[in-house]
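Since the structure is predicted, the reported quantities are computational estimates derived from the model, not experimental observations.
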Amino acid sequence: MEIDKTKAIIEAILFSCGRPVKIKELISALELPEEDIIKIIESMKSDFIEANRGIEIVKVENGYALCSKKEYYDYIYPIFDNRVKPNISNAAMETLAIIAYNPNITRAEIEGIRGVNSDATIYKLLEYGLIEEAGKSDLPGKPTMYRTTQEFLKTFGMSDLEQLPELPKYKIDENEQLVIEDIIEKKMEAPNPSLPESKKE
């Protein structure tokens, strides 16, 4: 099969599905080895960049998805959905981070870490499709466990949870309070800098 035709078929599959397509599905459809398909997709990603396309192919866990570029979100959202633009609060982001770093965690465990009721934030994250139920725990009462979704990975531009930033080292002091240690030696040695003119988000 010609390489250009194969690329066109893959693009059509990803566009039509509207979800991450597993590599094994592409193998079955194209009857090509996994190595060849991955090589072709990487070539397609380069093609999209060179052509300055408004879409891109992203790897999501063990598959690929065709997505619009993040920088065009503000143009797309008002047309795609007339609902109020989702606004993830600091509390929801905190809860989301806890779930991302602790897959299959229960509500009680989340609240144990946060120290406050998390019902509302969990409900919002479920509504946004950033987390999902992950079955029942073996703990008494069989509480529901939660984990992040593929939508979470797409939203934050990650292929899998292995790409989460490394957590800083920590220790518990004599008052059983969390103490964050500075793990970057250079930062410890550097003098206090003046306020920067611009700040990265």
Side-chain angles (χ1 to χ4, degrees), residues 1-81 85-86 88 92-93 95-105 125-135 145-169 183-184 186 198-201:
M1 189 182 296
E2 295 180 2
I3 186 69
D4 288 341
K5 183 176 180 181
T6 303
K7 288 182 177 181
I9 292 171
I10 292 174
E11 184 173 348
I13 291 172
L14 299 182
F15 175 80
S16 300
C17 287
R19 62 166 175 81
V21 179
K22 294 180 179 179
I23 189 71
K24 65 181 182 181
E25 294 179 291
L26 294 173
I27 292 172
S28 176
L30 296 165
E31 298 182 350
L32 289 173
E34 179 177 349
E35 298 77 17
D36 290 355
I37 292 175
I38 292 174
K39 187 174 181 180
I40 292 169
I41 289 176
E42 290 302 317
S43 176
M44 291 173 66
K45 290 166 72 172
S46 298
D47 292 344
F48 286 6
I49 292 172
E50 291 175 8
N52 198 25
R53 300 276 296 273
I55 55 176
E56 61 183 345
I57 298 176
V58 297
K59 190 174 189 300
V60 181
E61 294 184 331
N62 59 344
Y64 294 90
L66 191 63
C67 306
S68 55
K69 288 184 177 177
K70 298 184 189 71
E71 55 262 42
Y72 302 133
Y73 176 81
D74 288 335
Y75 298 97
I76 298 168
Y77 196 87
I79 297 174
F80 181 76
D81 198 330
K85 185 176 180 179
I88 301 179
M93 283 297 294
T95 303
L96 184 59
I98 290 170
I99 296 171
Y101 282 100
N102 301 276
N104 301 333
I105 190 170
L125 293 172
L126 286 168
E127 182 182 353
Y128 293 154
L130 297 174
I131 65 171
E132 64 185 1
E133 294 184 359
M145 300 184 295
Y146 299 95
R147 64 189 174 202
T148 53
T149 62
Q150 289 187 338
E151 185 62 29
F152 165 81
L153 296 175
K154 288 172 60 179
T155 299
F156 290 92
M158 293 184 288
S159 299
D160 52 50
L161 294 179
E162 294 295 322
Q163 293 185 315
L164 284 169
E166 184 177 353
L167 288 173
K169 295 179 181 177
I183 60 173
I184 303 178
K186 290 182 180 179
S198 61
K199 183 179 179 183
K200 280 187 176 180
E201 293 184 355

ask   = Does the distance from a Lys or Arg side-chain N to an Asp or Glu carboxylate O, for Arg147 and Glu132, drop under 4.0 Å?
value = yes

request  = Give the minimum heavy-atom separation between Ile55 and Lys69, together with the two atoms involved.
outcome  = O-CE, 3.9 Å

request  = Nearest 0.5 Å please: distance from the CG atom of Leu130 over to the CD atom of Gln150.
outcome  = 13.0 Å

task = Answer yes or no: is there a side-chain heavy-atom contact under 4.5 Å between Lys7 and Asp47?
result = yes

ask   = Does the side chain of Tyr128 reach to within under 4.5 Å of the side chain of Thr149, using non-hydrogen atoms?
value = no

request  = Identify the heavy atoms of Thr6 and Ile40 that sit nearest to each other, and give their distance.
outcome  = CG2-CD1, 3.6 Å

query = Could you state the interatomic distance from CD1 (Ile131) to CG (Leu125), rounded to the nearest 0.5 Å?
reply = 4.5 Å

request  = Indicate the atoms forming the closest heavy-atom contact of Leu164 with Ala100, along with that distance.
outcome  = CD1-O, 3.6 Å

request  = Kindly compute the distance separating CG (Asn102) from CG (Leu161), expressed to the nearest 0.5 Å.
outcome  = 11.0 Å

query = CD/Glu31 to CG/Asp36 distance, rounded to the nearest 0.5 angstrom?
reply = 13.0 Å

ask   = Do NZ/NE/NH1/NH2 and the carboxylate oxygens of Lys39 and Glu42 come within less than 4.0 Å?
value = no

remark   = Interatomic distance, CD1@Ile27 vs NZ@Lys22, rounded to 0.5 Å, equals 12.5 Å

task = For residues Ala65 and Pro20, report the shortest heavy-atom separation together with the two atoms involved.
result = CB-CA, 3.9 Å

query = Mind checking whether Tyr101 and Pro165 have side chains closer than 4.5 Å, heavy atoms only?
reply = yes

request  = Would you name the heavy atoms of Ile13 and Ala29 that are closest together and state the gap between them?
outcome  = CD1-CB, 4.1 Å

Taking every non-hydrogen atom, the tightest pair across Ile99 and Thr148 = CG2-N, 3.9 Å

Thr95 OG1 to Tyr146 OH distance, which is reported to the nearest 0.5 Å = 11.5 Å

